Amino acid sequence: AQTVTQSQPEMSVQEAETVTLSCTYDTSENNYYLFWYKQPPSRQMILVIRQEAYKQQNATENRFSVNFQKAAKSFSLKISDSQLGDTAMYFCALNAGNMLTFGGGTRLMVKP
Amino acid sequence: DSGVTQTPKHLITATGQRVTLRCSPRSGDLSVYWYQQSLDQGLQFLIQYYNGEERAKGNILERFSAQQFPDLHSELNLSSLELGDSALYFCASSVAGAFFDEQFFGPGTRLTVL
């Protein structure tokens, strides 16, 4: 079984500042992928970033980067230079086989 | 726009009824996934198909069934509907259905059971 936990139900950040969203997971598999998905008010699910467990280097996509700590089973998302358009639900997800398992989500509000 | 289409966008029905949700994957994608997003259960994986064959099953109720047709579109059938089935149902698709594939999500079908 695989589980994903997001311990921050809600967060807020001022525009242009940096925010970090936390995620922990559990799986018995050695190889797996971790993902962060964004769900804006439109409800569309959009992939933000992904990380392969075998890669030590943290993934980066423009203003989005992750801190992947495999031993601690931690996968946090850092958003730099936050923009109003970053306001959304953010879901951490794990795929160690055939299914994506999602965390409960963190609602992020970017304030002007 | 992810390239995944879902119809209808909204569906309102009564308890005990049966509905069918339809999904067309991105061009070239062979695998289709169905997810349910509800307030109390969060986002849950229901079922995956690859090139017409069932590949993985998650928390899908026996009242629910799905299939993927030769043209690769998929349908999710929900029967004997209950109030608790009200949710947003997402379809996603990926190239090969591998665990490392990016899954592209459709806009969802919002089901309301009255």
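Throughout, a chain's letter reflects where its sequence line sits, starting with A, and its residues are numbered from 1. Note that this is a predicted model, so its numbers are computed, not measured. No hydrogens, no waters, no symmetry mates; every other heavy atom, side chains included, goes into these values.
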Go through the atoms of [X] and report whether side chain, backbone, both or neither lie under 4.5 Å from a heavy atom of chain A.
X	value
B:Q37	side chain
B:Y35	side chain
B:F90	side chain
B:I47	neither

Non-hydrogen atoms of chain B under 4.5 Å away: do they reach the side chain of A:Q39, the backbone, both or neither?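 Contact with chain B: side chain only.
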So which part of A:R43 gets closer than 4.5 Å to some heavy atom of chain B, the side chain, the backbone, both or neither?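 For A:R43, heavy atoms of backbone and side chain both lie under 4.5 Å from chain B.
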Let me check something: do [X] and [Y] share a hydrophobic cluster, defined by ILVMFWY side-chain heavy atoms less than 4.5 Å apart, either directly or through other members?
X	Y	answer
A:V110	A:L77	yes
A:L21	A:F64	yes
A:V4	A:F68	yes
A:W36	A:M45	no

Enclosure of [X] [atom1] (heavy-atom neighbours >12, cutoff 6.0 Å):
X	atom1	result
B:L39	CG	no
A:R107	CZ	no
A:K78	NZ	no
A:N62	CG	no

Please check this pair: side chain of B:Q48 against backbone of A:M99, looking for a donor-acceptor N/O pair closer than 3.5 Å.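 No, B:Q48 side chain to A:M99 backbone: no donor-acceptor pair under 3.5 Å.
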Using a 4.5 Å cut-off on heavy atoms from C-beta on, say whether the side chain of A:T101 contacts that of B:Q44.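 The answer is no; the side chains never approach within 4.5 Å.
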Find out whether A:Q44 and B:D1 are in side-chain contact, i.e. whether some heavy atom of one side chain is under 4.5 Å from a heavy atom of the other.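 A side-chain contact under 4.5 Å is absent here.
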Take A:N95 and B:Q103 through the side chain to side chain contact (heavy atoms under 4.5 Å, CB included) test and state the conclusion after the steps. CA-CA 11 Å; A:N95 197 337; B:Q103 293 184 25; 3.9 Å; yes
Pick out which of A:F35, A:Y37, A:F91 makes a ring pair (Phe, Tyr, Trp, His ring centres under 6.0 Å) with B:F105.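 One option only clears the test, and that one is A:Y37.
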Looking at every heavy atom in both B:D101 and A:R50, which two are closest together, and how far apart are they?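 Residues B:D101 and A:R50, closest heavy atoms: C-NH1, 3.7 Å.
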Over 60° means perpendicular and under 30° means parallel, so classify the ring planes of B:F100 and A:Y33, tilted if in between.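 Rings of A:Y33 and B:F100: tilted, as their planes differ by 30° to 60°.
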Leading residue by heavy atom contact count with chain A [cutoff under 4.5 Å; candidates B:S31, B:G42, B:A92, B:G106]: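 Answer, by heavy-atom pair count under 4.5 Å with chain A: B:G106.
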